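Reading through the structure tokens given below for one structure.
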Amino acid sequence: MQRSIASFFGAPTPMDVAPASSTSPLAAAADASPSRGLRNAPAPPSPGLPHDSTPAAKAGPSAGPASPSPRKRKADTDLAPDTDADADADVGAPGRHPSKKRKVLSDSESDDEADNGQDALAKGGSEGSIKDAVALVTTTADITMLAAKAEIKTEIKTEIKTEIKTEIKAAPSSAASASPSTSQATNVAFTREQLTVFSADRPAPEGDDEPVATNMAEAYKGATYDPIADAGWKAGEPVPYLALAATFEKIEATTKRIEIIAHLCRLLRSVIALTPDDLLEVVYLCTNQVAPSFAGIELGIGDTVIMKAICEATGRTLKWLKAEYAETGDLGEIAEDSRGMQQTMFKPKPLTVRKVFKTLKGIALEKGQSSMNRKKDRIKSLLVAGEGSEARYLVRSCQGKLRIGLAEASVLAALAHAAFFTRPAIGDDGQVLDAYTQIKPKLKLPQLQAELDEAVRIVKEVYCELPWMKVILESLRTTGLRTLHDHCYLRPGIPIRPMLAFPTKGISEVFERFGGSAFTCEYKYDGERAQVHLKSDGSIAIYSRSSEDNTSKYPDLIAMLPSALQDPKATTSYVIDCEAVAYDRVTQSILPFQVLSTRKRKDVDVADIQVQVCLYAFDLLYLNGRPLLKESFATRRSLLYSTFKATEGHFMFAHAKDSSDVEEIQTFLEEAVKGNCEGLMVKTLDENATYEPSKRSHKWLKVKKDYLDGMGDTLDLVVIGAYTGKGKRTGVYGGFILACYDPDSERFQSICKIGTGFSDADLAAAHSSLAAHIIPAPRSYYAYPDHLTPDVWFEPAQVWEVLAADLSISPAHKAAAGLVDPEKGISLRFPRFVRLREDKTPENATSSHQVADLYRAQDINHGYEAPAAAGDDGDDFFDDELL
DNA sequence: GCTGTCTGCCC
DNA sequence: ATTCTGC
DNA sequence: GCAGAATGGGCAGACAGC
């Protein structure tokens with residue numbers, strides 16, 4: 001057993017490499033990584049990993065012009081000057097605890113029924129590609145692991161005693177900076193004698209004379225955590241879910257990121273040292289996943305189902321629950337507090353991480369008739385077995401949001417730290433070596449920090465390029481942290497996290513940020529991100545912005561793409577970054593996003609396609625076995641241009657202009673908006689111009705028309721209702737329903753809900769100032785859709801200025817109903833609060849006619865008849881204010 | 001088989 | 001998507 | 001500046017319920 005544990009992270013980790021050396025071994029290794037940089041040869045094959053030359057995956061699938069004026073449009077009738085002070089009151093801050101949502105996914109690894117390491121993705125995975133990739137991965141490493149697993153299971157069968165859990169609970173662990181003695185005392189569920197056989201030989205903490213630093217290194221320094229003795233469970237035993245819940249509690253109790261990461265790091269170290277086979281499940285429960293995103297496995301449960309399950313598990317009524325939810329804003333807390341409502345005959349077996357994970361995955365895989373009932377029952381089974389805070393986190397996991405201040409980035413950081421600190425190299429004497437303890441005497445604080453930073457950089461980089469936790473953990477196990485990137489890197493068949501852009505307020509900010517660097521501007525098309533992979537087996541896959549597999553959504557693109565190559569024979573693999581945009585082949589014009597969104601999404605048949613799509617390519621990330629992420633954008637783009645060819649209406653390059661002239665760019669922006677684009681993307685060409693996946697850095701900039709002063713649609717709308725806030729907005733309203741005024745019917749017509757743009761002070765002010773206007777029931781002259789009925793109604797009192805990116809024909813809202821569409825009303829895209837208009841009365845709010853005019857002004861090509869003559873709409877509605 | 005509700009995923 | 005906030 | 005957590009409209013798809 002010990003030998004098998006020792007095989008985790010078996011390859012050298014930093015501690016093996018002269019820790020005292022002044023140059024970071026991690027950094028050195030990374031620099032030497034063969035897969036980096038521009039090379040003709042692909043990185044060396046890695047054991048057990050799919051490689052480009054051995055296709056990771058198999059074929060997935062079978063396969064109006066016009067335009068709005070770029071001019072600013074303001075519905076504002078502005079009689080009063082903008083003298084009103086910022087409408088924020090300074091009431092106390094609102095919310096406190098967080099809460100929310102649903103979902104969770106998992107990886108291929110953890111199995112479903114038996115815990116035998118069988119590959120579950122085969123059944124859950126919708127794609128052959130995943131299955132095949134898994135098959136490739138499931139080689140040596142897996143066999144080793146399976147063997148280890150079996151060994152552990154036979155050797156250690158001891159059940160975890162509930163008293164242990166009680167103890168853990170009773171002794172919350174200390175903070176990261178706690179003194180050694182304190183931290184040793186915490187979380188210890190065994191006596192020292194019991195631990196002896198497992199315990200590391202910890203040297204007494206030395207007097208520390210290291211320089212003070214406010215960083216991770218300092219958080220770890222001075223706190224000796226024995227991943228074995230302090231864990232709370234024994235080697236080989238399943239990780240108790242309570243251990244995870246206890247960690248979540250500590251994390252939830254702080255807002256300090258360093259502490260958050262340190263808490264999780266400790267848990268992960270223990271898992272690595274004691275039960276490495278549970279590591280994937282632990283990580284997944286921390287990131288609310290049940291499978292990698294491209295596997296398409298979702299929980300498929302929301303608050304509705306979860307509330308039913310809670311009711312049945314606790315005996316509460318749905319009515320009570322809803323009321324309580326409105327008040328506390330946290331279903332998890334409610335479930336926790338309601339535990340014990342129902343007497344159970346037998347004390348349920350303590351939950352384990354693998355049990356919880358398996359149940360969640362089972363929920364995700366459940367489908368067909370009465371599947372909702374079966375999902376509900378599975379939730380119930382967890383809740384019934386959950387003790388203490390477990391119920392809280394079980395519910396939140398089901399909701400898909402832990403809301404404890406821990407999300408993906410911090411989990412990756414904690415994982416990197418854990419891999420750095422704890423390498424379960426167990427010697428013949430059964431002692432686990434602890435990297436930190438070992439290197440501590442030799443590493444100065446700044447050096448340690450540098451090592452930690454480098455570890456995090458590597459893990460994050462790798463995860464962005466290959467967002468597949470199972471494979472990364474396997475690689476960590478077999479090759480270690482130092483060489484992780486040699487084995488886990490971008491390869492066709494697995495989606496890379498797409499690079500994102502930072503919103504800027506205008507061209508001037510672009511110049512501020514990019515200074516003297518050469519940059520280019522591209523049209524920002526209003527479509528859907530599409531990452532196209534040509535795998536070396538010749539098959540093509542398409543992934544969405546969130547790494548979902550959209551291959552079966554675009555059989556037309558799959559069929560078209562080979563002809564987009566200059567030289568199909570010479571191009572064996574690629575990854576391109578594109579925007580798929582709805583396109584009218586007749587008028588040769590781009591169609592709005594709303595049209596694109598009506599396309600079928602699954603198993604589309606080419607013959608049935610109603611909405612044509614043009615692919616606008618803007619980046620090349622991989623070509624013929626060569627990752628290009630580290631190349632400059634200038635290089636990548638040039639390769640893109642030389643590898644592909646444009647075909648009108650099918651495959652185009654994003655329209656670009658390399659310029660540093662303000663006026664030229666301004667003109668370009670206006671043209672982009674006229675051409676039905678959202679604005680511009682701005683990217684440096686040479687400096688700082690590598691491809692940086694994910695949020696890690698927003699090195700691209702986006703300039704959208706609605707960010708620009710006076711360019712967006714501004715409306716003044718009446719607050720007619722509000723919704724109770726959840727999570728950190730508990731105690732105030734979380735969202736509001738807004739209306740425009742229709743002078744013809746003298747009614748207030750709902751136009752949108754709104755929930756962003758508020759500072760905490762705004763929310764507090766709104767909550768208190770609207771109190772005086774609460775009414776028990778909606779006014780008869782309110783028009784709104786039933787399903788948006790707010791929790792609280794207001795008489796027409798406050799007018800808010802709201803900014804929106806666009807107006808849309810709405811299936812729900814009532815604004816301007818009958819004016820543009822005979823029945824449907826109009827709503828707003830991306831509405832956000834700007835300020836309170838104290839100078840306006842509700843009747844002075846934006847009128848339904850103005851709303852209709854705003855819609856028409858943008859929409860000549862949307863299929864909804866253009867307004868009469870061009871001349872009369874522009875100015876007319878500014879006079880409407882006179883009513 | 002039709003309709004309504006819920007969910008996830010696009011933005 | 002947009003926005004705000006603690007670190 | 002990062003990371004996280006609040007919140008938006010609106011669509012297809014999956015199920016429940018009739």
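Quick caveat, the model's predicted, so the values are computed rather than measured. A, B, ... follow the sequence lines: proteins, then strands. Residue 1 opens every chain. What you see below is based on every heavy atom in this structure, not just the backbone, and it leaves out hydrogens, waters and symmetry mates.
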Give a yes/no on whether any side-chain N or O of [X] is located under 4.0 angstrom from OP1 or OP2 of [N].
X        : N      : result
A/Arg257 : D/dG4  : yes
A/Gln594 : D/dC11 : yes
A/Lys553 : D/dA12 : no
A/Lys728 : D/dA5  : no
A/His813 : D/dG9  : yes

For [X], which residues count as a salt bridge (Lys or Arg N to Asp or Glu O under 4.0 Å) partner, sequence neighbours excluded?
X        : value
A/Arg601 : none
A/Asp603 : none
A/Lys704 : A/Glu678

I want to verify a distance call: between [options], whose nearest atom is closest to the [X] side chain?
X        : options               : result
A/Lys401 : D/dC15, D/dG8, D/dT7  : D/dT7
A/Glu548 : B/dC9, D/dA14, B/dC11 : B/dC9
A/Lys753 : D/dG8, B/dC9, D/dA14  : D/dG8
A/Ser546 : D/dG13, B/dC10, D/dG9 : B/dC10
A/Arg513 : D/dT7, D/dG1, D/dG9   : D/dG1
A/Thr598 : B/dC10, D/dG4, D/dA12 : D/dA12

Q | Span of DNA chain C, from the first to the last nucleotide whose atoms fall under 4.0 Å of chain A heavy atoms | A |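 From 5' to 3', the first and last contacting nucleotides are C/dA1 to C/dC7.
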Does a side-chain heavy-atom distance below 4.5 Å link [X] with [Y]?
X        : Y        : answer
A/Val718 : A/Cys740 : no
A/Lys702 : A/Leu680 : no
A/Thr846 : A/Glu801 : no

Need one value for [X]: base, sugar-phosphate or nothing, where a base atom within 4.0 Å counts as base even if backbone is also close, heavy atoms only.
X        : result
A/Asn550 : sugar-phosphate
A/Arg601 : base
A/Leu803 : nothing
A/Ser597 : sugar-phosphate
A/Lys699 : nothing
A/Phe758 : sugar-phosphate

Q: Describe, in one word, how the ring planes of A/Phe758 and A/Phe736 are oriented to each other, choosing from parallel (under 30°), tilted (30 to 60°) and perpendicular (over 60°).
A: tilted
Q) In whole angstrom, what separates A/Phe502's CZ from D/dG1's C1'? A)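 The answer, rounded to whole Å, is 8 Å.
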Q | Protein-nucleotide distance (A/Leu596, atom CG; B/dC11, atom P), rounded to Å | A |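 The answer, rounded to whole Å, is 9 Å.
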Q: Verify the ring-centre separation between A/Tyr733 and A/Phe794: is it less than 6.0 angstrom?
A: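 Yes, the ring of A/Phe794 comes within the 6.0 Å limit of the ring of A/Tyr733, centre to centre.
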Q: Please tell me which of A/Ser371 and A/Pro811 maps to the more 5' nucleotide of DNA chain D, matching each residue to the nucleotide holding its nearest heavy atom.
A: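 That would be A/Pro811.
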Q. Hey, which of these two, A/Ala407 or A/Ala812, hits DNA chain D nearer its 5' end, going by closest nucleotide?
A.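 In this pair, the answer is A/Ala407.
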Q) Where is the tightest heavy-atom contact between A/Ile737 and A/Pro790, given as atom of each residue plus distance? A)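 Between these two residues, the closest heavy atoms are CG2-CG, 4.0 Å.
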For nucleotides 3-6 of chain B, tabulate all protein N/O to nucleotide N/O atom pairs closer than 3.5 Å, reporting atom names and distance.
none

(Q) The criterion is ring pair (Phe, Tyr, Trp, His ring centres under 6.0 Å); which residues satisfy it with A/Phe502, sequence neighbours excluded? (A)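 Ring pair (Phe, Tyr, Trp, His ring centres under 6.0 Å) check on A/Phe502 returns nothing, list empty.
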